[in-house]
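Read through the structure below, which is laid out as structure tokens, and then see the notes.
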Amino acid sequence: MITIRFPDGSHREFPKGITGWEIAKNLSTSLAKEAVAVRVDEDLWDLTRPIEKDVAFEVIKRPSEHGLDILRHDAAHVFAEAVKELYPETQITIGPSIQDGFYYDLYREESFTPEDLNRIEERMHEIVNRDEHLTREVWDRNEAIKYFKDLGEIFKAEIISDLPEDSEITIYRQGNFVDLCKGPHLPSTGKLGHAFKLMKLAGAYWRGDSKNPMLQRVYGTAWFSEKDLQDHLTRLEEAEKRDHRKLGKEMDLFHMQEEAQGSVFWHPKGWTLYRLLQNYIRDKISAQDYVEVNTPQLLDSSFWKASGHWDKFRENMFVVEDVDKTLALKPMNCPCHVQIFRQGIKSYRDLPLRMAEFGSCTRNEPSGALHGLTRVRSMVQDDAHIFCREDQIEEETRKFCILLLNVYRELGFEELTVKFSDRPAVRAGEDAIWDKAEACLEAGARASGLSYTLNPGEGAFYGPKLEFILKDAIGRDWQCGTLQLDFVLPERLDASYIAEDGQKHRPVMLHRAILGSLERFIAIFIEHYAGKFPLWAAPIQAVVATITQEADAYAQKVCEKLKAAGLRVELDIRNEKINYKVRELSLQKVPYILVVGKREAEEGTVALRKLGGEAQEVLDLNKVLGKLLQEALPPHKR
RNA sequence: GCCGGAUUAGCUCAGCUGGUAGAGCAACUGAUUUGUAAUCAGUAGGUCGUUGGUUCGAUUCCGACAUCCGGCACCA
């Protein structure tokens with residue numbers, strides 16, 4: 001007999017060699033039905049694997065995170081089996097479970113086509129129907145390598161060769177298909193069910209390295225129920241509907257064209273939004289005693305050599321050849337800010353000096369990285385550099401964290417995660433400085449009340465950093481804000497201040513941004529609100545729409561009055577039915593439609609219709625004005 | 001940059017196996033004067049991304065290039 005200990009602290013005796021599934025069944029039939037695997041001590045095991053000694057035991061149930069992982073991993077195996085049946089010349093490599101599904105990387109001379117995907121998917125359903133048993137086998141390392149080599153599975157053989165010497169080589173067999181796998185798996189392919197779908201075809205480098213051969217990656221999604229699958233597909237559709245590239249076109253905010261790859265043509269409405277956000281940030285930072293500057297975009301290569309960018313960042317810089325010199329467009333503002341700092345002599349009394357710039361930066365991003373507004377070659381950050389003494393780092397960090405949190409809240413983002421990245425393996429500066437820097441940054445973050453997770457070794461070479469990640473309305477994460485400590489640049493560009501001791505000292509530089517790039521943040525802002533901006537940020541806040549020409553003069557008056565009060569209002573006196581206007585303006589996501597007909601003209605009222613609302617309110621014109629003005633106040637002025 | 005896919009009217013998209021293109025919306029003109037998500041009719045609008053090739057003939061087949069889309073790599 002062996003003793004099985006359960007998560008609730010209780011324990012029971014079972015015969016040696018009993019399987020997880022038998023224990024689950026013994027506890028309750030409903031539990032056995034829900035079981036996908038079991039946790040035995042620290043490891044996840046198959047339900048059918050015999051347990052030979054006393055262990056801590058837990059049943060992994062379907063709805064759990066691990067449960068879905070196992071299901072998706074099964075789906076990957078079924079996928080690979082289908083591929084090998086249909087296209088035996090294909091080599092299979094790895095097929096892990098990922099968020100929402102799985103992928104499998106394959107090697108085959110010929111490219112797979114979308115039609116191939118359909119065929120594979122059909123075959124997968126057949127394999128599920130065959131209900132093949134999945135059995136776990138432990139193989140000898142060299143035999144396993146030989147087996148896969150003989151099969152022509154060079155990549156698999158390489159994976160096994162690279163496994164640590166002492167690791168157990170486990171193989172899962174289903175029907176005629178054999179795959180290297182740590183497990184666990186469901187007992188048979190039938191348990192996978194049919195709630196899966198192959199989604200897309202893509203390229204991926206072998207072992208994620210661009211020097212290696214390119215494999216073909218197939219992405220799939222898999223769920224426990226048809227309903228979960230449908231819900232997932234619906235979520236994808238929702239995300240597509242609010243895609244900023246689509247809304248940007250529909251709402252006439254901006255466009256891009258091939259002669260200006262990676263740069264944005266901002267249309268009047270989009271530029272209004274841009275300026276509103278920029279001015280909002282201006283207000284917020286000037287209230288925190290930042291000063292705003294503006295610096296050159298085109299600087300001589302000698303400057304970039306001094307700053308270190310010529311060595312470290314040249315690949316990403318646009319270099320301009322003039323007759324007798326070589327210049328480059330600035331990819332970052334920081335070296336320029338140091339130049340302003342260096343003008344005249346700075347005293348310790350000048351610190352902290354918070355220098356902000358909405359500077360236009362240009363980076364030669366790889367063509368394949370470009371993506372709408374989220375990855376562009378020409379962009380403006382809400383950038384600033386804080387020059388301070390070492391003993392001011394903690395307080396500056398705390399202040400920045402509080403400001404950033406406040407900005408995100410005011411802009412409608414409630415959820416925030418923070419990552420603290422500490423020293424990387426390759427770095428500048430002595431360990432003693434890093435010790436101090438990391439301690440200060442952490443202390444500042446903690447003082448602001450933020451909780452953060454550690455991102456070991458991911459700091460910049462010049463200092464540790466905090467990364468701020470916000471969650472949008474449909475649950476996607478976006479890294480926007482950042483705070484980076486820098487000991488290197490002040491040294492390289494010889495920035496100094498005179499301290500109380502009358503000696504020159506190096507200031508520390510804090511690189512920080514809240515929104516990140518304005519372009520990218522606007523993309524996130526558009527998608528977060530699905531184009532339905534809060535009134536203060538809406539490029540057009542209201543449209544006065546007439547029902548008949550008889551109301552034109554009055555409509556004009558209403559429009560002028562609201563404009564004079566500072567609202568962004570337009571007039572729609574086109575010869576169209578009100579239904580048509582309401583539909584069109586609603587599709588344009590205009591927050592308020594002020595409908596006026598003969599009645600309103602006579603009574604001095606307007607019928608106010610809020611975007612998405614069913615009903616309208618007939619209100620006195622002055623009341624409407626007051627209501628809109630109140631709602632149109634930016635969040636920090638309420 | 002790499003792999004795959006796409007590129008047809010201002011927009012969204014049809015166009016089977018080669019015979020120089022079509023719809024809806026938008027635009028324009030006219031009629032209609034309208035009460036909360038599309039009033040009706042008419043007109044005009046395209047070197048079918050660019051460029052080579054195959055062919056009697058290419059939007060269609062093949063190649064190159066450009067851009068976009070989905071990934072990968074990159075994101076100091």
Side-chain angles (χ1 to χ4, degrees), chain A residues 103 105-108 110-114 116-117 199-219 240 243 245-246 249-250 252 255-262 307-317 331-332 334 361 363-372 374-377 379 424 426 459-462 465 467 479 482 484 486 488-489 511 516-517 520 545-552 573-588 593-600 607-618:
Chain A
Y103 68 77
D105 283 351
L106 311 165
Y107 180 81
R108 179 178 177 241
E110 211 180 322
S111 294
F112 286 101
T113 65
D116 293 335
L117 250 49
M199 302 298 283
K200 54 197 174 191
L201 206 46
Y205 296 107
W206 166 236
R207 300 200 146 165
D209 189 331
S210 58
K211 290 195 270 304
N212 287 340
M214 176 69 60
L215 306 172
Q216 300 187 60
R217 175 173 295 181
V218 176
Y219 283 92
E240 223 171 285
D243 188 313
R245 292 164 300 186
K246 184 171 178 291
K249 191 184 277 183
E250 286 174 6
D252 195 18
H255 87 269
M256 298 171 98
Q257 63 188 48
E258 67 179 79
E259 294 89 339
Q261 194 188 8
S307 73
H309 288 79
W310 203 252
D311 281 341
K312 290 235 163 17
F313 206 67
R314 196 178 170 186
E315 287 285 286
N316 285 290
M317 287 164 71
M332 300 172 206
C334 26
C361 293
R363 301 177 185 180
N364 193 354
E365 301 285 1
S367 60
L370 302 175
H371 181 97
T374 61
R375 194 82 182 266
V376 290
R377 285 187 170 153
M379 44 112 174
V426 182
F461 75 92
Y462 48 75
K465 61 183 179 185
E467 289 179 333
Q479 198 241 299
T482 180
Q484 310 182 0
D486 187 352
V488 173
L489 204 59
H511 305 249
S517 105
R520 183 160 176 279
T546 52
I547 292 171
T548 79
Q549 274 174 8
E550 287 176 282
D552 283 3
I573 52 173
R574 290 175 302 171
N575 178 11
E576 294 290 351
K577 294 179 85 162
I578 193 63
N579 286 302
Y580 180 90
K581 295 184 182 178
V582 165
R583 178 183 153 81
E584 196 179 66
L585 295 169
S586 300
L587 289 173
Q588 284 294 306
I593 304 176
L594 279 56
V595 178
V596 296
K598 207 171 152 189
R599 208 153 62 217
E600 287 77 10
L608 189 65
R609 186 189 209 279
K610 198 180 170 104
L611 176 60
E614 300 280 299
Q616 66 275 358
E617 258 184 303
V618 179

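This one's a predicted model, so the numbers in the text were calculated from it and none came from an experiment. A note on names: the letters A, B, ... follow the listed sequences, proteins ahead of strands, and every chain is numbered from 1.
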Exercise. When we call it a touch if two heavy atoms are under 4.0 Å apart, what does A/A607 touch: a base, just sugar-phosphate, or nothing?
Worked result: base
Exercise. Which residue, A/M379 or A/A204, contacts RNA chain B at a nucleotide closer to its 5' end, judged by nearest heavy atom?
Worked result: A/A204
For this session: Calculate the interatomic distance between A/L611 atom CG and B/rU36 atom C1'; express it in whole Å.
Result: 13 Å
Exercise. Does B/rU39 have OP1 or OP2 sitting under 4.0 Å from an N or O in the side chain of A/R583?
Worked result: no
Exercise. If we call it a pair only when both distances are under 3.5 Å in a Watson-Crick or G-U wobble match, what pairs with B/rC68?
Worked result: B/rG5
For this session: Rounded to the nearest angstrom, tell me the gap between atom CZ in A/F313 and atom C1' in B/rC74.
Result: 10 Å
For this session: Taking the six-membered ring of A/F461 (Phe, Tyr or Trp), confirm whether the NZ or CZ of A/K312 is under 6.0 Å from its centre and within 45° of its axis.
Result: yes
Between the protein and nucleotides 11-17 of chain B, which nitrogen or oxygen pairs are less than 3.5 angstrom apart?
| from | atom 1 | to | atom 2 | distance (Å) |
| --- | --- | --- | --- | --- |
| B/rU12 | OP1 | A/K249 | NZ | 3.0 |

Filtered N/O pairs between nucleotides 4-8 of chain B and protein, under 3.5 Å:
| from | atom 1 | to | atom 2 | distance (Å) |
| --- | --- | --- | --- | --- |
| B/rG4 | OP1 | A/S111 | OG | 3.2 |

For this session: Scan A/E576 against the nucleic acid and name what it touches under 4.0 Å (heavy atoms): base, sugar-phosphate only, or nothing.
Result: base
Problem set entry | Any side-chain donor near an acceptor of the partner, A/Q216 and A/R108, under 3.5 Å | no
Exercise. With sequence neighbours excluded, what pairs up with A/H371 under the ring-ring contact (aromatic ring centres under 6.0 Å, His included) test?
Worked result: none
For this session: Using a heavy-atom cut-off of under 4.0 Å over every strand shown, decide if A/I547 touches base, sugar-phosphate, or nothing.
Result: base
Exercise. How would you label the contact of A/L587 with the nucleic acid (heavy atoms, under 4.0 Å): base, sugar-phosphate, or nothing?
Worked result: base
Exercise. In whole angstrom, what separates A/R207's CZ from B/rA73's P?
Worked result: 14 Å
Exercise. Within the structure, does a side-chain N or O atom of A/Y219 lie under 4.0 Å from either OP1 or OP2 of B/rC72?
Worked result: yes
Problem set entry | Pairwise distance OG1(A/T546) to NZ(A/K598) - rounded to 0.5 angstrom | 14.5 Å
Exercise. Is B/rA38 paired to anything, Watson-Crick or G-U wobble with both distances less than 3.5 Å, and if yes, which nucleotide?
Worked result: none
Problem set entry | Atom-to-atom span, CG of A/L106 to C1' of B/rC72 - whole angstrom | 14 Å
Exercise. Taking the C1' atom of each, how far is B/rG24 from B/rA9, in whole Å?
Worked result: 12 Å
Exercise. If you measure from the C1' atom in B/rU7 to the same atom in B/rU36, how many Å do you get, rounded?
Worked result: 40 Å
Problem set entry | Minimum-distance nucleotide to A/R217 side chain [options: B/rA38, B/rG35, B/rC72] | B/rC72
Exercise. If only side-chain N and O atoms of A/N579 are considered, is one of them under 4.0 Å from the OP1 or OP2 phosphate oxygen of B/rA37?
Worked result: yes
Exercise. Heavy atoms under 4.0 Å, any strand shown: does A/Q479 hit a base, just sugar-phosphate, or nothing?
Worked result: nothing
Seminar exercise, completed: Under a 3.5 Å limit on both distances, the Watson-Crick or wobble mate of B/rG52 is B/rC62
Exercise. B/rG70 phosphate, OP1 or OP2: any side-chain N/O from A/K200 under 4.0 angstrom?
Worked result: no
For this session: State whether the number of non-hydrogen atoms from other residues, nucleotides or ligands found under 6.0 Å of A/E315 atom CD is greater than 12.
Result: no
Seminar exercise, completed: From CD of A/E250 across to C1' of B/rA26 the rounded distance in Å is 14 Å
Exercise. Within the structure, does a side-chain N or O atom of A/Y580 lie under 4.0 Å from either OP1 or OP2 of B/rA26?
Worked result: yes
Exercise. Which is true for A/M332 with a 4.0 Å heavy-atom rule: it touches a base, it touches only sugar-phosphate, or it touches nothing?
Worked result: base
Exercise. Closest to the A/R375 side chain: B/rU36, B/rA37, B/rC75?
Worked result: B/rC75
Distances under 3.5 Å between protein N/O atoms and the N/O atoms of nucleotides 63-66 of chain B, please, pair by pair.
| from | atom 1 | to | atom 2 | distance (Å) |
| --- | --- | --- | --- | --- |
| B/rA66 | O2' | A/E258 | OE2 | 3.1 |

Exercise. When you measure from the side chain of A/K465 to the backbone N and O of A/H511, does any donor-acceptor pair fall under 3.5 Å?
Worked result: no
Problem set entry | Nucleotide opposite B/rG57 in a Watson-Crick or G-U pair, distances under 3.5 Å | none
Problem set entry | Distance, rounded to the nearest Å, where A/Q549 contributes CD and B/rG35 contributes P | 15 Å
Exercise. Looking across every strand, which nucleic acid part, if any, lies under 4.0 Å from A/Y103 by heavy atom: base, sugar-phosphate, or nothing?
Worked result: nothing
For this session: Answer with base, sugar-phosphate or nothing: what part of the nucleic acid does A/G308 contact at a heavy-atom distance below 4.0 Å?
Result: nothing
Problem set entry | Integer angstrom distance from the C1' of B/rA38 to that of B/rC72 | 44 Å
Problem set entry | Whole-angstrom distance between B/rA58 and B/rU51, as gauged at atom C1' | 14 Å
For this session: Would you kindly give the CG-to-P distance between A/L370 and B/rU67, to the nearest whole Å?
Result: 9 Å
Exercise. Under 6.0 Å from the CD atom of A/E110, do we count more than 12 heavy atoms belonging to anything else shown?
Worked result: no
For this session: Go through B/rC69, B/rG35, B/rU33 for me and flag the one nearest to the A/T548 side chain.
Result: B/rU33
Exercise. Which distance, rounded to the nearest 0.5 Å, do you find between the CG of A/L611 and the CG of A/L587?
Worked result: 9.5 Å
Exercise. Got a donor-acceptor contact below 3.5 angstrom from the A/D243 side chain to the A/E240 backbone?
Worked result: no
For this session: Establish whether the base of B/rG1 is bridged to the side chain of A/E315 by a donor-acceptor pair shorter than 3.5 Å.
Result: no
Problem set entry | Atom P, compared across B/rU43 and B/rG4: separation rounded to whole Å | 47 Å
For this session: Look at all strands and tell whether A/R599 reaches a base, only sugar-phosphate, or nothing, counting heavy atoms closer than 4.0 Å.
Result: base
Exercise. Rounded to whole angstroms, how far apart are CD on A/E550 and C1' on B/rG35?
Worked result: 13 Å
Exercise. When you compare B/rG42 with B/rA23, how far apart are their P atoms, in angstrom units rounded to a whole number?
Worked result: 12 Å
Hey, can you pull the donor-acceptor pairs under 3.5 Å for the side chains in residues 200-209 of chain A, sequence neighbours left out?
| from | atom 1 | to | atom 2 | distance (Å) |
| --- | --- | --- | --- | --- |
| A/R207 | NH1 | A/E158 | OE2 | 3.3 |
| A/R207 | NH1 | A/D162 | OD2 | 2.6 |
| A/R207 | NH2 | A/D162 | OD2 | 3.3 |
| A/D209 | OD1 | A/K211 | N | 2.9 |

Exercise. What nucleotide among B/rU36, B/rG70, B/rA37 has an atom nearest to a side-chain atom of A/H371?
Worked result: B/rG70
Exercise. Side-chain N or O of A/S210 less than 4.0 angstrom from OP1 or OP2 on B/rG1?
Worked result: no
For this session: Indicate the atoms forming the closest heavy-atom contact of A/P366 with A/N316, along with that distance.
Result: CD-OD1, 4.3 Å
Problem set entry | Between B/rG49 and B/rA31 - C1' atom distance, rounded Å | 41 Å
For this session: Select one nucleotide: of B/rA37, B/rG1, B/rC74, the one nearest the side-chain heavy atoms of A/Y205.
Result: B/rG1
For this session: Please determine if a side-chain N or O atom of A/R609 lies less than 4.0 Å away from the OP1 or OP2 oxygen of B/rA37.
Result: yes
For this session: Could you list the residues that satisfy ring-ring contact (aromatic ring centres under 6.0 Å, His included) with A/F313, not counting sequence neighbours?
Result: none
Seminar exercise, completed: Nearest-nucleotide check on RNA chain B, A/E259 vs A/R245; residue mapping nearer the 5' end is A/E259
For this session: For nucleotides B/rU55 and B/rG10, find the distance between their C1' atoms and express it as a whole number of Å.
Result: 35 Å
